[in-house]
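Quick note on labels: first sequence line is chain A, next is B, and so on, each numbered from 1. Computed from a predicted structure; not experimentally measured.
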There are 2 protein chains.
Amino acid sequence: MKPKKPAVALPPPVRRSLHRSLAQDIGARILNGEFAPGTLLPNEAEWCESFGVSRTAVREAIKMLMAKGLILSRPKIGSRVQPRSQWNLLDRDVLAWYCAAANPVHFLVHMQQVREILEPETAALAAANRTPEQLAEIEAAFRQMAEAKSLSAWNAADVRFHQAILLAAGNELLVPLGLVIESALGSMFAYTASQRGDIGRTLPGHRKILLAIRNRKPESARLAVRALLRDTGRIVRLVAAARKGPAARRPIAVP
Amino acid sequence: MKPKKPAVALPPPVRRSLHRSLAQDIGARILNGEFAPGTLLPNEAEWCESFGVSRTAVREAIKMLMAKGLILSRPKIGSRVQPRSQWNLLDRDVLAWYCAAANPVHFLVHMQQVREILEPETAALAAANRTPEQLAEIEAAFRQMAEAKSLSAWNAADVRFHQAILLAAGNELLVPLGLVIESALGSMFAYTASQRGDIGRTLPGHRKILLAIRNRKPESARLAVRALLRDTGRIVRLVAAARKGPAARRPIAVP
DNA sequence: AATCTTCGTTTGTATGATAAATAATACAAC
DNA sequence: GTTGTATTATTTATCATACAAACGAAGATT
């Protein structure tokens with residue numbers, strides 16, 4: 001009679017609240033170009049009607065998009081899409097929307113550029129400033145990577161490895177940057193890891209980085225990271241070359 | 001006499017609405033350490049009482065802080081301050097709060113590190129990829145800088161110069177990064193420009209950058225920017241050395 | 001013509017009521 | 001006693017409504 005509560009039948013624990021879903025929807029459509037910068041969005045009442053929700057929910061979604069710099073709303077004017085320069089593109093959500101809307105190859109190329117700029121220097125700083133505890137964490141991540149059997153396990157370890165280096169660099173501003181990049185790369189999973197071929201191929205490259213940081217050799221850390229990124233860069237260029245063409249705008253599959 | 005309506009009125013006369021002020025207040029107190037990560041914030045009703053505002057305003061402020069990754073609120077739990085790793089430190093507001101709360105010298109040192117990593121490469125990319133229009137904008141900014149009489153005029157031109165280079169680099173991800181850095185540097189005005197001594201002293205350094213970009217010489221652009229940053233770096237180190245001590249935590253003056 | 005007034009539209013704020021989520025507790029079953 | 005389940009209480013989430021404030025635009029006034 002009492003319908004036994006199914007222990008855990010809900011596969012999606014991401015039961016996003018309403019305002020989050022609305023923000024997600026509207027935000028994605030802005031990044032998507034459906035609402036270009038300078039455009040006046042529909043007013044609150046129209047959103048309410050089109051979504052079938054109350055004004056409160058709509059307003060809270062609007063506030064979130066405001067907080068991300070996507071829109072600016074004022075009485076009597078309405079909500080206007082801000083110029084792109086105001087967008088908080090480095091916000092996790094915004095970046096995800098962008099990355100889903102933009103040409104994925106184009107995005108990947110730019111991402112690779114940023115990595116090539118940041119990561120060698122991050123590793124060099126880590127080599128210079130790491131504490132013993134931070135080194136231990138990097139080594140633990142490396143071991144986890146070496147023991148990884150599945151692709152996803154390897155990827156998790158890889159992320160841990162890079163984050164540990166990031167933290168060891170000891171620069172509070174570099175950390176969120178790195179996190180953003182890695183989160184975005186996670187969304188591009190299909191374009192990076194899965195194309196990378198066999199799992200442990202880059203393990204020696206990672207070992208070199210670890211050794212350089214352990215031995216406090218900034219310059220060799222820099223070189224080791226550059227070498228590793230050359231590998232990634234080759235793949236990126238391959239993908240870019242392969243997908244030059246009309247199909248390039250296909251939305252990417254987010255795993 | 002009658003002040004004719006200036007063609008384009010002040011865009012944001014900082015007439016912050018209530019929810020924005022609340023978000024500002026609470027956000028600053030989080031960054032400030034008053035509410036540490038993991039802490040449970042007062043609930044809505046208590047905020048209402050302490051601020052003397054309605055629940056609507058409080059809730060909208062909370063939503064904005066949620067959008068910036070500072071807090072996470074759920075029914076029956078309340079609003080909990082997220083771990084720092086979730087914070088969108090690269091958000092303009094969050095960075096401003098952080099920069100007002102943190103040790104300014106410490107902050108400046110990290111900022112300088114990031115600049116030394118990013119800006120030379122940005123300039124190199126600009127030298128490689130600039131379009132004629134982008135070059136024209138850079139040159140215009142340079143002229144404006146050369147003609148600047150006042151400190152604030154010089155600073156505005158300086159910002160324009162760097163932003164133009166940023167845009168010319170042609171990397172969509174680099175742009176918001178640079179904007180964030182410059183906006184943060186703007187807040188640290190007192191620590192950078194005003195200490196820099198006479199206005200046009202770095203003009204020759206800027207000219208070298210301009211020439212390198214005009215002549216499409218990435219490597220010399222890189223070197224020129226590094227040279228310029230060495231100058232800034234010296235000042236940063238000076239300030240850092242001078243302010244080592246108990247007074248170092250004094251909040252900075254935002255111009 | 002220039003300025004002031006009025007008006008309508010849209011967001012901002014307030015208030016009260018109901019729904020949903022869940023930690024904590026009390027309770028039942030074994 | 002231990003385990004699992006039902007209840008409760010508290011907090012946010014959502015809805016509905018009303019009014020205030022900002023402001024553009026049109027119209028009235030000088």
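- Nearest heavy-atom pair across A/Met66 and A/Ser73 is SD-OG, 3.6 Å.
- For B/Arg59 and D/dA13, the shortest distance from a side-chain N or O to OP1 or OP2 is below 4.0 Å.
- Computed from coordinates, the A/Arg80 CZ to C/dT10 P distance equals 13 Å when rounded to whole Å.
- Rounded to whole Å, atom C1' of C/dT10 lies 7 Å from atom NZ of A/Lys76.
- Contact check, A/Arg55 against D/dC15: no side-chain N or O comes under 4.0 Å of OP1 or OP2.
- B/Glu137 has a carboxylate O that lies under 4.0 Å from a charged side-chain N of B/Arg160, or vice versa, which qualifies the two as a salt bridge.
- At the heavy-atom level, B/Ser73 lies under 4.0 Å from the strands shown only through sugar-phosphate atoms.
- The CG-C1' distance, from A/Asn43 to D/dA22, rounds to 16 Å in whole Å.
- Separating the CH2 atom of B/Trp47 from the C1' atom of D/dT12 is a distance of 16 Å, rounded to the nearest angstrom.
- Residue B/Ile62 is classed as having no contact, given no heavy-atom separation below 4.0 Å to the nucleic acid.
- At C/dA14, one or more side-chain N or O atoms of B/Ser54 fall inside 4.0 Å of OP1 or OP2 (strictly under the cut-off).
- With D/dC15, C/dG12, D/dG24 as the choices, the nucleotide that has an atom nearest any side-chain atom of B/His19 turns out to be C/dG12.
- The CD1-C1' distance, from A/Ile71 to C/dT10, rounds to 14 Å in whole Å.
- For A/Arg74 and D/dC23, the shortest distance from a side-chain N or O to OP1 or OP2 is below 4.0 Å.
- When rounded to the nearest whole Å, the span between CD1 of A/Ile77 and P of C/dG12 equals 11 Å.
- Rounded to an integer number of Å, the gap from CG of A/Leu18 to C1' of C/dA20 is 12 Å.
- Side-chain contact between B/Phe35 and B/Leu40 is absent, with no heavy atoms from C-beta onward closer than 4.5 Å.
- Between B/Lys63 and D/dT12 there is no side-chain N or O to OP1 or OP2 distance below 4.0 Å.
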Problem set entry | Pair B/His110-B/His106, side chain to side chain contact (heavy atoms under 4.5 Å, CB included): steps then yes or no | CA-CA 6 Å; B/His110 285 184; B/His106 192 216; 3.5 Å; yes
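- Each of A/Ala57 and B/Leu41 was matched to the nucleotide of DNA chain D holding its nearest heavy atom; the match closer to the 5' end belongs to B/Leu41.
- Within 6.0 Å of CD in B/Glu49 there are 12 or fewer heavy atoms belonging to other residues, nucleotides or ligands.
- Remark: C1' of D/dA13 and CG of B/Leu72 are 14 Å apart, rounded to the nearest angstrom.
- Mapping B/Glu44 and A/Gly52 onto DNA chain D via the closest heavy atom, the residue that lands nearer the 5' end is B/Glu44.
- Comparing A/Thr56 and A/Ser79 against DNA chain C, the residue whose closest nucleotide sits nearer the 5' end is A/Ser79.
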